[in-house]
Amino acid sequence: MEPQLVHSVTDSVATVVIRNPAKRNAMTAAMWRALPPLLDELAADPAVRALVLTGADGTFCAGADIATLQGSAREAQGLAVVAEEALAAFPKPTLAAVRGHCVGGGAQLAAACDLRFAEEGALFGVTPARLGVVYSASATRRLVALVGPATAKYLLFSAELIDARRALRTGLVDEVVPEGELDERVAEFTRILVSRSQLTQAAAKEFADGRTDRDAYWAGQADAGGDTAEGVAAFLERRQPRFTWSVPTSG
């Protein structure tokens, strides 16, 4: 089977699956290039309210296909950074569902998601020191924001793998579930996500990621969008809210 990214949309959740079984779902140059336009397509789809990134066949992603580094390591890393930034900029909630190895470029992609849920037995590693590669500034800053400078240095300096429980303690992972229960938990949580206000989620995502120039924009969206009035009315009437605001396709 050719290495590829496979996607589907079910119940307002887009699922993107990293598939390269011969190399534990390592990302080829073509796969790195394919991710940003796929994310643009899914971001523009009003039926999509959340996105799950996962790997096929019991592992998340073993990183970049090392064969791609034999030409120009800098070019290969540049492709990974573009894909990472596109994932981080996705305007709706994103969740990495991790089984098995989440290493190198795989950890870079997982860190670019808003949330990370892992199955017991998952292993995480940031491994450029094994190859003499300079980890990108954007990926390093994102890792530090998640786990703090000391743990980021531990991971980057040593290139050692850590298990899911340690990843949870450091903040690299948000939830750890027993083996065999990851799909059920992710489905349960994404049902919660798609039932909530996209207005709240989109504004919170920007603010949490450090954007400081859009307060007036979001105040205007709240005034015009109707979600606040609907949420209050639903609470008082003891019913589920029917939020209607959706992420603009541009702007």
Side-chain angles (χ1 to χ4, degrees), residues 1-7 15-36 38-39 52-88 94-113 116-136 138-140 142-143 146-147 152 154-168 170 172-173 176 179 182-183 186:
M1 181 180 295
E2 285 294 315
Q4 59 184 315
L5 301 174
V6 180
H7 75 280
T15 301
V16 176
V17 181
I18 304 167
R19 188 181 297 278
N20 185 2
K23 296 188 177 182
R24 289 193 302 187
N25 298 332
M27 292 283 288
T28 65
M31 293 166 75
W32 288 121
R33 290 190 183 97
L35 186 57
L38 173 58
L39 294 172
V52 173
L53 180 68
T54 193
D57 302 324
T59 199
F60 184 76
C61 174
D65 186 343
I66 301 302
T68 65
L69 301 179
Q70 291 181 319
S72 169
R74 181 173 296 180
E75 179 182 356
Q77 186 182 43
L79 293 174
V81 169
V82 170
E84 168 206 354
E85 292 299 326
L87 183 56
T94 57
L95 187 153
V98 179
R99 295 182 186 83
H101 284 72
C102 179
V103 177
Q108 192 172 345
L109 288 174
C113 290
R116 287 146 296 280
F117 287 12
E119 190 173 81
E120 289 277 9
L123 293 171
F124 297 81
V126 185
T127 54
R130 294 186 183 184
L131 300 170
V133 171
V134 175
Y135 206 48
S136 72
S138 61
T140 301
R142 189 164 284 117
L143 182 64
L146 283 175
V147 303
Y154 175 91
L155 293 169
L156 283 162
F157 291 0
S158 72
E160 290 290 285
L161 304 187
I162 61 172
D163 63 20
R165 290 292 172 184
R166 183 167 181 178
L168 179 66
T170 64
L172 185 58
V173 163
V176 175
E179 187 174 348
L182 183 62
D183 287 343
V186 168

Seminar exercise, completed: Closest non-hydrogen atoms of Leu35 and Ala83, given as atom of the first, atom of the second and distance, are CD2-CB, 4.0 Å
Exercise. Between the side chain of Thr127 and the main-chain N/O of Arg130, is any donor-acceptor distance below 3.5 Å?
Worked result: no
For this session: State, yes or no, whether a side-chain contact exists between Val98 and Phe117 at a heavy-atom distance under 4.5 Å.
Result: no
Problem set entry | Check: Met27 and Pro3 side chains under 4.5 Å, non-hydrogen atoms | no
Exercise. CG of Leu155 to CG of Leu161: how many Å apart, nearest 0.5 Å?
Worked result: 9.5 Å
Exercise. Do Arg19 and Glu2 pass the salt bridge (Lys or Arg N to Asp or Glu O under 4.0 Å) test, and can you show the C-alpha distance, the side-chain angles, and the key distance before you say yes or no?
Worked result: CA-CA 8 Å; Arg19 188 181 297 278; Glu2 285 294 315; over 6 Å; no
Exercise. What heavy-atom pair brings Ala26 and Asn20 nearest, and what distance separates the two atoms?
Worked result: O-ND2, 2.9 Å
Exercise. So do the side chains of Leu95 and Leu53 get within less than 4.5 Å of each other, counting heavy atoms only?
Worked result: no
Problem set entry | Backbone N/O of Gly55 and side chain of Asn25: donor-acceptor pair under 3.5 Å | no
Problem set entry | Point-to-point distance, once rounded to the nearest 0.5 Å, from CG of Leu39 to NE2 of His7 | 10.5 Å
Exercise. Between Glu119 and Ala97, is there a donor-acceptor pair closer than 3.5 Å when you use the side chain of the first and the backbone of the second?
Worked result: no
Problem set entry | Distance-minimising heavy-atom pair for Gln77 and Val133 | NE2-CG1, 3.9 Å
For this session: Could you walk me through whether Leu156 and Leu143 pass the side chain to side chain contact (heavy atoms under 4.5 Å, CB included) test, one step at a time?
Result: CA-CA 10 Å; Leu156 283 162; Leu143 182 64; 4.2 Å; yes
Seminar exercise, completed: Value for OG (Ser136) from CD (Glu84), rounded to nearest 0.5 Å, stands at 5.0 Å
Problem set entry | Ala112 versus Thr94, closest heavy-atom pair with distance | O-OG1, 4.4 Å
For this session: Please test Phe60 against Val103 for side chain to side chain contact (heavy atoms under 4.5 Å, CB included), starting from the C-alpha separation and ending with a verdict.
Result: CA-CA 8 Å; Phe60 184 76; Val103 177; over 6 Å; no
For this session: Begin from the C-alpha positions of Cys102 and Arg116 and carry the test side chain to side chain contact (heavy atoms under 4.5 Å, CB included) through to its verdict.
Result: CA-CA 11 Å; Cys102 179; Arg116 287 146 296 280; over 6 Å; no
Exercise. Considering only heavy atoms from C-beta outward, does the side chain of Val81 approach that of Gln108 to under 4.5 Å?
Worked result: yes
Exercise. Taking all atoms of both residues into account, what is the closest heavy-atom pair of Val82 and Pro36, and its distance?
Worked result: CG1-CG, 4.0 Å
For this session: Might you work through the side chain to side chain contact (heavy atoms under 4.5 Å, CB included) test for Ile18 and Met31, ending with a clear yes or no?
Result: CA-CA 8 Å; Ile18 304 167; Met31 293 166 75; 3.7 Å; yes
Exercise. Considering all heavy atoms of both residues, which atom of Ala164 and which atom of Phe124 are nearest to each other, and what is their separation?
Worked result: CA-CE1, 4.1 Å
Exercise. Taking the side chain from Thr15 and the backbone from Val52, do they hold a donor-acceptor pair closer than 3.5 Å?
Worked result: no
Problem set entry | Cation over ring face, Arg166 and Tyr154, 6.0 Å, 45° | yes
Problem set entry | Other residues, nucleotides, ligands: >12 heavy atoms within 6.0 Å of Arg142 CZ | yes
Problem set entry | Distance, nearest 0.5 Å, that separates CZ of Arg99 from CG of Leu123 | 14.5 Å
Exercise. Thr59 side chain to His101 main-chain N or O, any donor-acceptor pair under 3.5 Å?
Worked result: yes
